[in-house]
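Sequence lines set the chain letters: A, B, ... in the order given, protein chains first and strands last, and positions in each chain run from 1.
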Amino acid sequence: MKGWSQSDQLLARYSFCNMAKYISNREIVKLFREIVAAYEAKGENRFKIIAYENAATGVEHATSELKDLWDDGLLDTVPGLGKTIRGHLDELFKFGKVRHFERVKKALPKGMFSLLDVGGLGPKSAYKLAKELNLNNLRDLQKAAKMGKIRNIPGFGPKSESDILTAIDELKGKSSRYLLTEAFPVAQRVLKYLRGHSDCERAEPLGSLRRMLSTVGDIDIAVASKKPKEIIAHFKNFKEIKRILDAGDRKSSVLLQNGMQVDLIVQPTKAFGALLVHFTGSKAHNISLREYAIKKGMSVSDYGIKVKGKLKEFVTEEDFYKFLGLDYIVPELREDSGEIEAAYRPASGKSNGLPKVVNHKDIRGDIHLHSNYPIEPSHDLGTASFEQIIKKAKELNYEYIGFSDHSPGYSTHTNKQIIDLILKRKKKIEYLKSKYRGFGILNLLEIDILTNAKLSVPQEALKLLDGAIAGIHSSHRQGKNMITKRLLLAIDSPYVKVISHPTGRLLNQRESYEADWPEIFDA
DNA sequence: GCCGTTTTCGGCCCGACTGTTTTCAGTCG
Ligand SMILES: Nc1nc2c(ncn2[C@H]2C[C@H](O)[C@@H](COP(=O)(O)OP(=O)(O)OP(=O)(O)O)O2)c(=O)[nH]1
Ligand SMILES: [Mg+2]
Ligand SMILES: [Mg+2]
Ligand SMILES: [Zn+2]
């Protein structure tokens, strides 16, 4: 403990029970956002608040657990974490607590933080309500609203009181983020509806949906029209709407019956380019773009680009970026991860060069395919037959596919049964290989790396395959060492050619597990 | 509190919508 102050030592002893606990990025993001709220409530310097918000965003986007980065002395590779905040994290990982954060939060009613989940309630309102009415949680807030106590607080009235009650009710049916594949068909329905209006010239899905993030918080749509008010009025009549959150002359937000939020902005075609950029985001990309423009003496907004107070409008995104001296940036890259620097094109000469993104035509095959072949798998039998999959693959212009059904349930089959099933399946696949000569077909199988690190299929059966794909489908929470060991043992098998879903993440359901990736890649 | 290919100091995006506030703060995108 050399070099630690006495209070550090006391704190270390005090929080000893917390030390073994792994503090995840998710928890750190939550902590930073609480500091943001606390600082906002007490009127702290706004740029300091933004710094904490940026730190939270940086951690949210980090591809490694901060704890691991901290172990390796790499915290400074995460954007938004400067000297001060890294110091706080140091304390957090050593002692499980940050004294400065504790002090900041202690000065405020602790009930205020849970109120922030209510739509429309920000830090200022949450603070005021929690303090004036002694609220500890959402239930307290609901009770106070029902008793008509909120309308008497300065700054609130009958409308905001009933809005709070509605918003609390809506918390239940709401999930925080949706899978891209869940949101996509909903967006298509809204788009179809909007395009049905005669004044709608274009309707485009934007935001995280257009950037193709794996999960989206809401559905953002822009419409090009000369008559924004008419479009907004039409939008408000969409039959799937549960409640209109707000609606002005050019913008509206609604809540659908399924709990999803849809945000709409309308703007004439002649200025649609700037709106496309703005509403595609990301927020961080927009801010970076605007700061870059400021340095060039320009001001960017969703209306266009102002030069010396005069607004220049753009029909297309290409022209918008070009005017700023940038190459076109595809939506998938607009995450403020260096794309603006990469797109920068000096007056004469070439840009630094944006990375090329993978397009559909670049995908030559797929080797992770679960068919409906009756192999009696432990889980997730597919829905399409071998032949249906081949047909689809050919439609997609694939050159090859690999059938990788899950292996027969390990606990429900003997070794002999497993071998027989795989032999029978092999014969069927061999037949297909000869039938579809010239099209690559691989006889693969997705096997389980069992809890004890053994494989779910015996060697005699693995021999019959063109290769095995091994994945962890159970005991995801064993810890970094054991997970690493399981993966390394699987890789050791000469029959295992691929490790599937290597982080075990299930979007919106299960966090990734940690493993010693450098060691695994070495193997 | 963070950050840097004109800066290690002095900047930090910009605008819409709402309720209750007589002139705008809070929240959100
Ligand atoms: N300039 C600027 N643009 C913003 C801001 N907030 C949001 N936007 C823009 C960029 C966003 O991608 C777009 C849509 O906002 P959303 O809150 O729906 O974010 P986004 O769709 O990116 O992510 P999401 O999956 O919905 O959480 O609006 C902001 O504070 N400033
Ligand atoms: Mg969105
Ligand atoms: Mg949105
Ligand atoms: Zn799997």
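As rounded to whole Å, 13 Å separates atom C1' of dA16(B) from atom CG of Leu264(A). Across the protein-nucleic acid pair, Phe320(A) atom CZ and dC14(B) atom P stand 12 Å apart, rounded to whole Å. When the C1' atom of dT20(B) is taken as reference, atom NZ of Lys159(A) falls 12 Å away, rounded to whole Å. Following rounding to the nearest Å, Lys306(A) (NZ) and dC14(B) (C1') show an atom-to-atom distance of 9 Å. Phe156(A) has its CZ atom 13 Å from the C1' atom of dT18(B), to the nearest Å. If you take CD of Glu40(A) and P of dG1(B), they are 15 Å apart, rounded to a whole angstrom. Note: CD (Glu44(A)) to P (dC2(B)) measures 13 Å, nearest angstrom. What separates OH of Tyr52(A) from P of dC2(B) is a distance of 7 Å, to the nearest Å.
Here Ile294(A) lies in heavy-atom contact (under 4.0 Å) with sugar-phosphate atoms only. Residue contacts for Ala293(A): at a heavy-atom cut-off of 4.0 Å it reaches no nucleic acid atom on any strand shown. Residue Arg46(A) is classed as having no contact, given no heavy-atom separation below 4.0 Å to the nucleic acid. Across all strands shown, Ile287(A) has heavy atoms under 4.0 Å from base atoms, whether or not it also approaches the sugar-phosphate. Residue Asp263(A) is in sugar-phosphate contact alone, with no base atom involved, counting any heavy-atom pair closer than 4.0 Å across all strands shown. When heavy atoms are screened at a 4.0 angstrom cut-off, Tyr39(A) is found touching the sugar-phosphate backbone but no base atom. No engagement by Pro154(A) is indicated, since no non-hydrogen atom pair under 4.0 Å with the nucleic acid exists. If you check every strand for non-hydrogen atoms under 4.0 Å, Asn54(A) touches nothing.
Taking the six-membered ring where the residue is Trp, His197(A) and His234(A) present tilted rings, their angle falling between 30° and 60°.
The shortest distance between the side-chain N/O atoms of Tyr303(A) and the OP1/OP2 oxygens of dA16(B) is below 4.0 Å. Applying the 4.0 Å criterion to OP1 and OP2 of dA16(B), one finds that Lys251(A) has every side-chain N and O outside that range. Taking 4.0 angstrom as the limit, Ser299(A) places a side-chain polar atom (N or O) nearer than this to OP1 or OP2 of dC14(B). A sub-4.0 Å separation between OP1 or OP2 of dC2(B) and a side-chain N or O of Thr84(A) is present. Phosphate proximity of dT20(B) to Ser160(A): present, with a side-chain N or O under 4.0 Å from OP1 or OP2. Proximity of Gln261(A) to the phosphate of dG29(B): a side-chain N or O atom is located under 4.0 Å from OP1 or OP2. Contact annotation: Tyr292(A) does not reach the phosphate of dC13(B) (side-chain N/O to OP1 or OP2, under 4.0 Å). Considering only side-chain N and O atoms, Ser125(A) lies under 4.0 angstrom from the phosphate OP1 or OP2 of dT27(B).
A salt bridge between Arg250(A) and Asp302(A) is present, with a side-chain N of the basic residue lying under 4.0 Å from a carboxylate O of the acidic one. By the 4.0 Å N-to-carboxylate-O rule, Lys42(A) lies close enough to Glu44(A) to be salt-bridged with it.
With 3.5 Å as the limit, one finds a donor-acceptor pair spanning the side chains of His278(A) and Arg290(A).
Along DNA chain B, the nucleotide nearest Gly122(A) and the nucleotide nearest Asp302(A) are compared for position; the residue whose nucleotide lies closer to the 5' end is Asp302(A). Nearest-nucleotide positions on DNA chain B for Ile50(A) and Asp163(A) put Ile50(A) closer to the 5' end.
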**Q.** Trace of the salt bridge (charged side-chain N to carboxylate O under 4.0 Å, His left out) decision for Arg210(A) with Glu332(A)
**A.** CA-CA 8 Å; Arg210(A) 183 174 182 222; Glu332(A) 289 85 347; over 6 Å; no
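In dT7(B) the O4'-C1'-N dihedral to the base is within 90° of 0, which defines a syn nucleotide.
Crowding of Arg189(A) atom CZ: a count of heavy atoms from other residues, nucleotides or ligands under 6.0 Å exceeding 12.
Rounded to a whole angstrom, the distance from the C1' atom of dC17(B) to that of dG4(B) is 37 Å. On the P atoms, dC2(B) is 16 Å away from dC13(B), given to the nearest whole Å. To the nearest whole angstrom, the two C1' atoms, one in dT18(B) and one in dT23(B), are 15 Å apart. Of the C1' atoms belonging to dT6(B) and dG11(B), the separation is 14 Å, rounded to the nearest Å. When the C1' atom is used for both dG15(B) and dG10(B), the distance is 25 Å, rounded to whole Å. With P as the reference atom, dG29(B) and dT22(B) are 27 Å apart, rounded to whole Å. Across dG26(B) and dT8(B), the matching P atoms stand 35 Å from one another, rounded to whole Å.
With a 4.5 Å cut-off on side-chain heavy atoms, Ile483(A) and Glu514(A) do not count as touching.
Pair assignment for dC9(B) gives dG4(B), based on Watson-Crick or G-U wobble hydrogen-bonding distances that are each under 3.5 Å.
Here the rule is salt bridge (Lys or Arg N to Asp or Glu O under 4.0 Å) with Glu60(A), and of Arg26(A), Arg33(A), Lys30(A) only Arg33(A) fits it.
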